[in-house]
Protein chains: 2
Amino acid sequence: MSSSNAIGDSTFIQQRNLVEQVADYLTQAIIGQKFAPGERLSEVQLARDLGVSRAPVREAARLLESRGLLVSQPRRGFFVRALDAAELNDIFDLRLCLERHAMARLVENFDADKEERLRNQVEVMCEVASGDSESRKIEEDLVFHRMVISFSGNRRLLKAFDDITHELRLCIALIGKTHADPDSISTSHWLLLDALASGDPERCREAVDYHIGVARDYVVQGIGETAP
Amino acid sequence: MSSSNAIGDSTFIQQRNLVEQVADYLTQAIIGQKFAPGERLSEVQLARDLGVSRAPVREAARLLESRGLLVSQPRRGFFVRALDAAELNDIFDLRLCLERHAMARLVENFDADKEERLRNQVEVMCEVASGDSESRKIEEDLVFHRMVISFSGNRRLLKAFDDITHELRLCIALIGKTHADPDSISTSHWLLLDALASGDPERCREAVDYHIGVARDYVVQGIGETAP
DNA sequence: CGATTGCCGACTGTCGACAGCTTCGATTAC
DNA sequence: GTAATCGAAGCTGTCGACAGTCGGCAATCG
């Protein structure tokens with residue numbers, strides 16, 4: 001994460017692959033709703049706009065396809081992923097599956113250090129809850145959940161979570177808002193922390209089910225309002 | 001491998017993308033132990049051997065990287081994924097997570113049709129258990145588990161399972177053998193079916209835990225023998 | 001004799017170009 | 001007026017080529 005390059009970030013960016021830069025640009029553009037869901041993306045036009053050739057664009061598009069932000073049709077090109085309510089339900093169901101497992105593993109090896117770091121993150125989220133941008137709130141929320149998965153000790157589980165993270169950002173962006181109540185976000189996460197601190201697996205599972213259930217219902221309802 | 005036209009010589013080869021064909025070839029080569037774990041793959045050499053240009057090779061390699069069969073280092077190229085015991089444990093732990101969830105969802109909506117199709121598949125596995133090739137046994141086993149996930153109704157869960165399927169094939173191929181006892185494979189799967197038919201979620205969970213646990217212990221033990 | 005430096009070969013990252021396919025609008029037949 | 005047809009434009013799939021970079025080897029210096 002921290003750049004081991006003592007020179008600075010400017011050279012680091014210069015040395016980065018064009019593929020990654022294009023992928024970042026496309027990711028931000030899709031999350032930022034610069035493209036409509038289902039819209040077709042032209043490789044040549046993207047290459048022209050970004051001042052690069054088609055090769056990096058193609059590879060970046062393939063990368064985003066594997067992340068679920070784009071879908072490709074042979075001989076037709078890439079399209080922005082369009083999510084319906086059913087797919088949204090599936091994504092949150094998978095997230096529930098992963099986070100249940102992570103919590104169950106984490107509660108077996110919970111310690112003071114992990115508790116403190118999670119507590120600090122929740123406090124960051126509380127500070128951000130009112131005032132900062134929506135995307136900032138989302139990112140800090142994802143950081144917390146990623147920490148939980150990471151602390152569970154299973155790196156492959158973390159990769160699976162990172163995979164659906166991109167789709168989560170997409171569908172959260174689609175409904176254009178996060179939590180209705182800025183307080184609910186903090187209380188809900190304190191609940192998760194308390195469950196972990198109690199050491200009770202059943203309580204952890206209940207806390208996760210409640211937390212993910214609320215988020216899913218909110219997003220699915222938001223999608224229903226957006227595109228009925 | 002073959003010097004020229006290793007992928008295919010018919011005229012209809014153009015109907016499928018070269019990327020997919022190269023990806024299939026590379027997948028079979030990696031699963032078939034034609035490349036050593038950690039071995040570096042040269043794009044130009046692969047392109048020469050397959051009689052195509054580097055572009056399809058690069059895109060296929062990126063695809064296999066997303067599937068966990070290759071890893072890439074910037075400016076250095078692609079390397080065959082090498083799995084250690086810890087990663088193997090993580091993979092089977094994630095598989096346990098996914099299959100537990102699928103079984104829990106499936107037992108809620110289990111019906112006679114699904115039961116019959118799963119039963120037929122287990123019978124196929126029993127027929128194949130003694131005599132056919134190892135890869136055939138593995139594939140039929142994966143078909144059964146994929147059916148369970150598929151019947152659960154969550155397509156995103158199925159995609160997550162397909163993602164780790166490639167890694168499962170890799171690590172199973174690494175140890176070079178499947179189940180020690182050809183009978184254990186059938187009894188273990190009948191146990192899963194009976195648990196589903198009983199409609200008891202707790203019994204389903206126990207059956208999955210036992211099934212995946214046996215498979216994990218066997219593979220992890222096999223890896224320990226292969227590369228201690 | 002060990003460490004450093006310069007060089008060489010090979011490789012990856014990127015580019016522009018061509019062929020075949022897809023799409024969409026104009027045209028024509030009914 | 002409608003529907004099918006045809007053609008042009010744009011697109012993707014694929015290719016060969018060039019430049020910058022990395023790793024290894026040898027020559028040089030302490």
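The chains referred to below are lettered A, B, ... by the order of the sequence lines, with proteins before strands, and numbering in each begins at 1.
Atom CD in B:Gln21 sits roughly 13 Å away from atom C1' in D:dT14 (whole-Å rounding). Between the CD atom of B:Glu65 and the C1' atom of C:dT12 there is a distance of 14 Å, given to the nearest Å. Taking atom CG of B:Asn17 as the reference point, atom C1' of D:dC11 lies 14 Å away to the nearest angstrom. As rounded to whole Å, 11 Å separates atom C1' of C:dC15 from atom CG of A:Leu18. For the pair A:Leu41 CG and D:dG10 P, the interatomic distance rounds to 18 Å; values are reported in whole Å.
Tested against B:Arg119, the residues B:Glu116, B:Gln121, B:Glu115 include a single side-chain hydrogen bond (donor to acceptor under 3.5 Å, both in side chains) partner, B:Glu115.
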(request) Report the C-alpha separation of B:Asn17 and B:Val22 in whole Å, then their side-chain angles, then the decisive distance to 0.1 Å, and conclude whether the side-chain contact (heavy atoms from CB on, under 4.5 Å) test is met. (result) CA-CA 9 Å; B:Asn17 290 345; B:Val22 175; over 6 Å; no
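Among residues at least two apart or in separate chains, there is no ring pair (Phe, Tyr, Trp, His ring centres under 6.0 Å) pair with a member in residues 46-100 of chain B. Residue pairs meeting the ring pair (Phe, Tyr, Trp, His ring centres under 6.0 Å) criterion with at least one member in residues 137-158 of chain B, sequence neighbours excluded, are B:Phe144-B:His189, B:His145-B:His189, B:His145-B:His211.
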Between protein and nucleic acid, restricted to nucleotides 22-25 of chain C and to nitrogen or oxygen atoms under 3.5 Å apart, what atom pairs and distances do you find?
| unit_1 | atom_1 | unit_2 | atom_2 | d |
| --- | --- | --- | --- | --- |
| C:dT23 | OP1 | A:Arg76 | NE | 2.6 |

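For the contact set between residues 42-63 of chain A and DNA chain D, defined by any heavy atom under 4.0 Å, the members are A:Ser42, A:Glu43, A:Val44, A:Arg54, A:Arg58.
A donor-acceptor pair shorter than 3.5 Å cannot be found between the side chains of A:Asn154 and A:His101.
For A:Arg48, the salt bridge (charged side-chain N to carboxylate O under 4.0 Å, His left out) test picks out no residue, with sequence neighbours left out. With sequence neighbours excluded, no residue satisfies salt bridge (charged side-chain N to carboxylate O under 4.0 Å, His left out) with B:Asp84.
Classification of B:Glu65 and B:Arg81 as a salt-bridged pair fails, no side-chain N sitting under 4.0 Å from a carboxylate O.
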